[in-house]
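What follows is a short report on a single structure.
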Amino acid sequence: MALALTLSLSSKSSHPKIGEKIIQYGTAGFRTLADDLDFVMYRMGLLAVLRSKSTKAVIGIMITASHNPEQDNGVKLVDPHGEMLNQKWEELATNLVNVGDENLESVLLDIIRSENIEISEQGEVFVGRDTRPSGVPLLNATLDGIQDLQGESRDFGIVTTPMLHYFVDETNKGREIWVSSYFAKLTKAFKNFCKDISISGDSYHPKIVFDGANGVGSIKMEMLANFLGEEFLEVELHNAGKGALNFECGADFVKVQQKLPRGLEELKPGDKGVSVDGDADRVVYFYVDDNNVFHLLDGDRIASLVAGYINELLQECKLKLDLGVVQTAYANGASTKYITESLKIPVDCVSTGVKYLHHKALERDIGVYFEANGHGTVVFKTAAVELIQKVANDQSLSSSERKAAAKLDSLLEISNPTVGDALSDILLVESVLRSKNWSLKDWEAAYTDLPNRLLKVTVKDKNAVTTVDAGRKCTAPEGLQDEIDKLAQSYPSGRSFVRASGTEDAVRIYAESDTQENANELAAKVAIKVYEMAAGVGEAPVIPAM
Ligand code: G16
């Protein structure tokens with residue numbers, strides 16, 4: 001008879017559960033005040049070892065709260081191909097985190113049994129963290145969890161989230177990795193792409209004015225710039241660590257506030273502004289025109305730029321591959337119209353969260369996915385890349401066909417196929433702009449965004465706000481959707497929806513209309529409805545003066 005399995009968790013008493021509030025594995029893992037996370041990290045260390053044993057592959061743990069304020073922290077688990085954690089395991093994670101200390105062993109044993117895990121199997125976990133000071137104690141809690149189930153760990157220290165995803169994927173593909181191999185891969189592909197393109201005229205400048213959100217993005221961007229050399233891309237670094245993380249800077253601030261980040265107030269007309277978020281998995285571009293008016297080029301713009309260019313290259317090299325774009329409800333209506341009607345590329349709309357976009361995009365030969373907030377990448381099937389490489393090397397084809405295929409091959413090599421990656425996305429955008437000899441103004445000319453506004457409202461319980469249809473229809477509180485519909489219909493080209501954030505304790509409100517004033521007003525009116533019908537807390541939203 002087999003002996004009953006028992007677990008001895010020697011560090012459990014050092015990481016006691018605190019608080020009674022149920023916490024959920026949200027849009028991108030657990031995220032809350034860093035002070036409340038010690039036991040969560042310990043338990044995620046335990047879970048990651050089980051996931052590793054179950055998949056017989058390396059699993060990643062990224063300690064980050066990304067775009068959230070510095071006092072928050074969080075954890076994102078990375079699956080074997082570098083993708084976000086499998087959804088069934090998200091549920092196991094939520095359950096494991098919410099159970100009392102006295103039941104921890106039995107819940108772990110349930111997972112071992114239900115997932116048929118061979119406990120003697122080796123378990124290996126890669127760990128990385130962003131620059132938050134709370135990252136170090138939380139790392140120690142994570143390592144305790146890994147050790148308590150006899151897992152091996154490899155600590156990469158301060159890295160961007162997409163770097164950790166890349167390391168997990170590469171290792172599981174049997175390739176040796178070290179921190180600089182990431183930069184070497186990106187820069188080699190970018191230099192290859194650039195080799196036959198000469199820069200002339202006044203439109204494209206190989207220079208960016210970079211807002212690092214005072215986080216890991218600035219550290220790694222500096223390294224990338226050193227690898228590249230100024231002739232390929234000059235990087236003027238700002239918000240490189242002296243101020244508070246994400247405070248009035250970074251991609252989320254720039255996208256939501258639609259204004260220049262702190263430290264870049266003096267951006268000159270013609271300069272290319274670029275902001276990343278706290279763990280450098282999102283990026284947005286921006287500039288000011290001669291009248292000092294701010295212009296934003298967000299994730300929707302990146303999707304249309306990159307997908308449009310890939311389409312052109314496919315036509316030039318006469319390859320018929322299935323190319324598609326994936327967006328969410330936050331995508332500007334004008335971008336979706338432009339991609340489907342002008343570029344003639346199919347667009348799918350899925351729920352918010354890179355995990356949903358990524359899997360949808362994988363259904364295509366080449367899938368370009370971006371959330372409006374600047375989170376996205378390009379994914380592709382191995383067979384598609386092999387076909388592209390075959391064309392690039394086929395001497396019987398014309399030189400223009402071969403060149404287009406070689407460019408496409410380099411472009412796909414620049415992209416991070418595991419998850420949205422701000423640094424790789426910057427090189428993707430720079431590749432396309434360089435190839436087209438475009439300024440940001442040229443890029444922006446493709447279509448005109450519908451004016452839009454994002455707001456958030458804090459409510460007593462954000463889970464009381466539920467949605468269906470990729471977050472576009474609100475099912476509770478009862479009657480809220482009817483109110484939103486009535487309001488949206490009363491504005492020209494009005495569109496609005498609300499959903500509970502999966503990363504912050506808030507309900508997000510999105511509104512679009514024909515003018516910025518109307519979009520602002522519609523968003524505020526919907527925010528007031530949310531506040532009234534979903535038990536808002538704090539100050540009530542107000543309608544801005546016109
Ligand atoms: C995470 C997710 C993104 C999502 C964002 C906001 O980004 O990875 O896919 O768009 O949260 O989600 P929510 O609206 O649910 O708060 P990050 O960069 O914060 O990790």
Side-chain angles (χ1 to χ4, degrees), residues 23-32 60-70 72-79 82-85 87 90 128-130 132 159-165 213 215-217 245-246 250-256 275-284 298-300 302-303 326-331 349-361 369-377 416 418-423 425 454-459 462-463 465-467 470-472 474 497-510 530:
I23 53 173
Q24 309 264 2
Y25 197 97
T27 312
F30 295 105
R31 210 175 280 189
T32 186
I61 293 187
M62 183 68 197
I63 303 169
T64 179
S66 191
H67 73 276
N68 291 44
E70 186 160 305
D72 285 0
N73 214 324
V75 53
K76 297 177 175 180
L77 264 71
V78 182
D79 252 0
E83 75 277 40
M84 303 265 189
L85 180 67
Q87 281 184 37
E90 286 189 359
R129 62 181 202 277
D130 69 19
R132 288 173 163 84
V159 286
T160 69
T161 294
M163 283 174 79
L164 190 79
H165 282 251
V216 56
L245 182 67
N246 296 326
D252 197 61
F253 173 85
V254 173
K255 166 70 183 159
V256 174
S275 281
V276 303
D277 70 340
D279 62 341
D281 58 6
R282 300 192 203 175
V283 60
V284 295
D298 62 6
D300 299 337
I302 301 176
V326 188
Q327 300 185 310
T328 71
Y330 291 105
C349 177
V350 299
S351 298
T352 292
V354 156
K355 56 192 177 191
Y356 302 113
L357 290 102
H358 189 85
H359 287 112
K360 192 72 196 166
Y369 71 81
F370 272 90
E371 294 183 290
N373 61 23
H375 205 160
T377 189
N416 184 332
T418 63
V419 78
D421 181 338
L423 301 191
D425 289 340
L454 273 163
L455 292 177
K456 55 187 173 187
V457 170
T458 309
V459 297
K462 69 173 180 178
N463 297 318
V465 176
T466 57
T467 53
R472 289 176 289 197
C474 178
F497 63 90
V498 305
R499 57 174 277 283
S501 161
T503 59
E504 294 175 52
D505 204 9
V507 175
R508 296 199 194 284
I509 288 105
Y510 178 83
V530 171

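Keep in mind that the numbers below use all heavy atoms, side chains included, and drop hydrogens, waters and symmetry copies. Whatever order the structure lists them in is the order used to number ligands and atoms, beginning at 1. Numbers here are sequence positions counted from 1.
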Exercise. Measure across Asp130 and Met62 and return the closest heavy-atom pair with its distance rounded to 0.1 Å.
Key: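 Taking every non-hydrogen atom into account, N-CE, 3.7 Å.
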
Quiz item: Which parts of the protein, at residue level, reach under 4.0 Å of ligand 1 through a heavy atom?
Solution: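 Residues near ligand 1: Thr27, Ala28, Arg31, Ser66, His67, Lys76, Asp277, Asp281, Arg282, Thr352, Gly353, Val354, Glu371, Asn373, His375, Arg499, Ser501, Gly502, Thr503, Arg508.
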
Quiz item: Within a strict 4.5 Å, meaning less than it, do heavy atoms of the Glu83 and Lys355 side chains meet?
Solution: no

Exercise. Decide yes or no for Val283 and Ile302: does some side-chain heavy atom of the first lie under 4.5 Å from some side-chain heavy atom of the second?
Key: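 With C-beta onward as the side chain, the pair touches.
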
Self-check item: Pair Arg132 + Asp72, salt bridge at N-O below 4.0 Å
Solution: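 Judged by the 4.0 Å cut-off on N to carboxylate O distance, Arg132 and Asp72 do not form a salt bridge.
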
Quiz item: Ion pair present between Arg282 and Asp252, side-chain N to carboxylate O less than 4.0 angstrom?
Solution: yes

Quiz item: What about the rings of His375 and Phe370, do their centers lie closer together than 6.0 Å?
Solution: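 Ring-ring flag for His375/Phe370: false, centres at least 6.0 Å apart.
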
